[in-house]
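Working notes for the structure below.
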2 protein chains.
Amino acid sequence: MADAQPRPGGRTARVREAVLRATRDALASGGLHGLDLTAVAHDAGVGKTTVYRRWGTPTALVADLLVEMADRAGDRVDTGSLLGDLEVNAGRVQRTLADPEEGGLYAAIVAAATCDARTAAALEAFYDRRVAVWAPCVEDAVGRGEVPAGTDAAAVVRAVSAPLYYHRLTRTTPPGEEDARRAAAAAVVAAVAGAFASGA
Amino acid sequence: MADAQPRPGGRTARVREAVLRATRDALASGGLHGLDLTAVAHDAGVGKTTVYRRWGTPTALVADLLVEMADRAGDRVDTGSLLGDLEVNAGRVQRTLADPEEGGLYAAIVAAATCDARTAAALEAFYDRRVAVWAPCVEDAVGRGEVPAGTDAAAVVRAVSAPLYYHRLTRTTPPGEEDARRAAAAAVVAAVAGAFASGA
DNA sequence: TGCCTAACGGAACACTATTCCCATTAAGGA
DNA sequence: TCCTTAATGGGAATAGTGTTCCGTTAGGCA
């Protein structure tokens, strides 16, 4: 997104990395409300003019952070069964959301996306990439005959994350391991029953 | 929450109503970012000092709005089957979230809750009330033998809303009727299979 | 190695959000 | 009906935040 720069050399790259790290820390600890560009610039050790010129608004900063985060998305696993794969996925999502810092970061990013269309587009792209990484689990399950052909793999993957995010965003206690197991189990059962088949 | 006032008579109540209405409109059209207390006061036809004195912050305004919204939560339905009941529920949630104004309002409220603990508590209370209204659908289904005894009714109700909210918050296109049907169907299938049983 | 220019950093500037002050209004009770 | 006082409303003062200017630094290239 911001990589087509005429001079993306050493200093520019270092500044971006430092600013995004400071942005990440600020979001994790103070949420979207605590994202002050002046403070971010100070924590990153760069002039605030630089932050204003290159990003301009808090939400643009979040959008760029999402681009970087997408580059670090973890790989899928292959346990041999859909339930096993999705339990691993659900566990990772649950631990991320339950962690005070990481969970706050994700909540703040979702909040930022509600305030700005570009950030919303970046968030969608971020989850599209994560879903694309895990969708093969479902496709493999189709190949093994675990779930019906025509199953919407992306929908199944999203069905695992959905209750965990919903829990994190609408309740004051974070989701636990039990919630993760339920999320995976419910998604698998529904997928097996054909609830995510495109024709149904 | 703000009802134990020494003099909650006519004027005070009218001011609160007008301010909350203006808050609702501002959130629906401009999101949390567009919630300017001065503008809210002007639109409500009250002095800005009043808004600052009684509420103080945008998130406090949202928290009070949630108290009022909880008082207007719609009733459950009784179609005679769990799937029928939850399809109605899912349809209402989906239409609410897909509506540009209403959907924006809910997204903004979720965003506000990520910024402030009191607002988060109000949001949780709001959904607790809505879940409590619909949980009897699941309990009735247990009574009819549709789903196993020991099923966590609240979890089933939340499982219907979760994918619709997740969709609204993480994607740029709103959830559609097909998503609502899938959400209800998946929740029912999972509940029938015992995925929401407390023991499992 | 040295030039050219993009990118950066510090400080002044402009603007908006918030609070303070005090006159005015209208609940609630005798 | 009148009195007491909580609550409101408008405007000025203040604080805090966002924006811009301009000199300095350091990539990129010959």
Side-chain angles (χ1 to χ4, degrees), chain A residues 1-23 26-27 29-64 67-68 108 111-112 115-116 118-119, chain B residues 1-23 25-27 29-64 68 108 111-112 115-116 118-119:
Chain A
M1 176 174 276
D3 291 279
Q5 289 156 0
R7 190 181 282 188
R11 183 168 64 166
T12 297
R14 277 197 305 277
V15 166
R16 176 168 182 258
E17 190 177 357
V19 169
L20 291 186
R21 169 190 293 268
T23 299
L27 284 177
S29 61
L32 180 62
H33 186 71
L35 191 62
D36 173 26
L37 293 210
T38 303
V40 166
H42 179 266
D43 291 352
V46 305
K48 64 180 174 182
T49 307
T50 300
V51 177
Y52 277 104
R53 188 175 22 235
R54 284 186 61 178
W55 291 279
T57 65
T59 51
L61 211 43
V62 175
D64 198 25
V67 173
E68 202 206 40
C115 297
D116 178 70
R118 295 185 70 86
T119 307
Chain B
M1 177 173 275
D3 291 280
Q5 289 158 1
R7 191 180 283 189
R11 182 169 64 168
T12 297
R14 278 197 303 278
V15 166
R16 176 168 181 255
E17 190 178 356
V19 168
L20 292 186
R21 169 192 292 268
T23 299
D25 292 348
L27 283 177
S29 63
L32 180 63
H33 186 70
L35 191 62
D36 174 25
L37 296 211
T38 302
V40 165
H42 179 265
D43 292 351
V46 305
K48 61 185 167 193
T49 308
T50 300
V51 176
Y52 277 104
R53 188 171 27 228
R54 284 186 60 179
W55 290 278
T57 64
T59 51
L61 214 42
V62 175
D64 199 25
E68 203 206 39
C115 297
D116 177 70
R118 294 185 70 86
T119 306

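Just the heavy atoms: all of them, side chains too, but no hydrogens, waters or symmetry mates, feed the values below. Quantities reported herein were computed from a predicted structural model and do not represent experimental measurements. Throughout, protein chains are lettered first and strands after them, A, B, ... in sequence-line order, and every chain is numbered starting at 1.
Within the structure, a side-chain polar atom (N or O) of R54(A) is placed less than 4.0 Å from OP1 or OP2 of dC8(C). Between R53(A) and dG18(D), a side-chain N or O to OP1/OP2 separation shorter than 4.0 Å is absent. When the side-chain nitrogen and oxygen atoms of Y52(B) are compared with OP1 and OP2 of dT19(C), none of them lie within a distance under 4.0 Å. Contact between the side-chain N/O atoms of R14(A) and the OP1/OP2 oxygens of dA26(D) is not found at any separation under 4.0 Å.
Distance OG1/T57(B) to NE2/H33(A): 8.0 Å, rounded to 0.5 Å. Put simply, CG on L20(B) and CD on E68(B) are 5.0 Å apart, with the number rounded to the nearest 0.5 Å.
Taking only distance into account, the side chain of R11(B) never meets the base of dT8(D) through a donor-acceptor pair shorter than 3.5 Å.
Contact check of residues 36-47 of chain A against DNA chain D (heavy atom, cut-off under 4.0 Å) returns D36(A).
Distance CZ (R16(B)) to P (dA7(D)): 14 Å, rounded to an integer number of Å. Atom NE2 of H33(B) and atom P of dT16(C) are 13 Å apart (whole Å).
Within the 4.5 Å cutoff, the side chain of V15(A) has heavy atoms near those of the T50(A) side chain. Within the 4.5 Å cutoff, no side-chain heavy atoms of D64(A) are placed close to those of R54(A).
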Stepwise, does the side chain to side chain contact (heavy atoms under 4.5 Å, CB included) test hold for V62(B) with D116(B)? CA-CA 10 Å; V62(B) 175; D116(B) 177 70; over 6 Å; no

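Between T49(A) and L35(A), the residue whose closest nucleotide on DNA chain D is further toward the 5' end is L35(A).
The side chain of K48(A) approaches dA12(C) more closely than any other nucleotide in the set dA12(C), dT18(C), dG9(D).
Listed for the T59(A) side chain is no donor-acceptor partner under 3.5 Å among the backbone atoms of T119(A).
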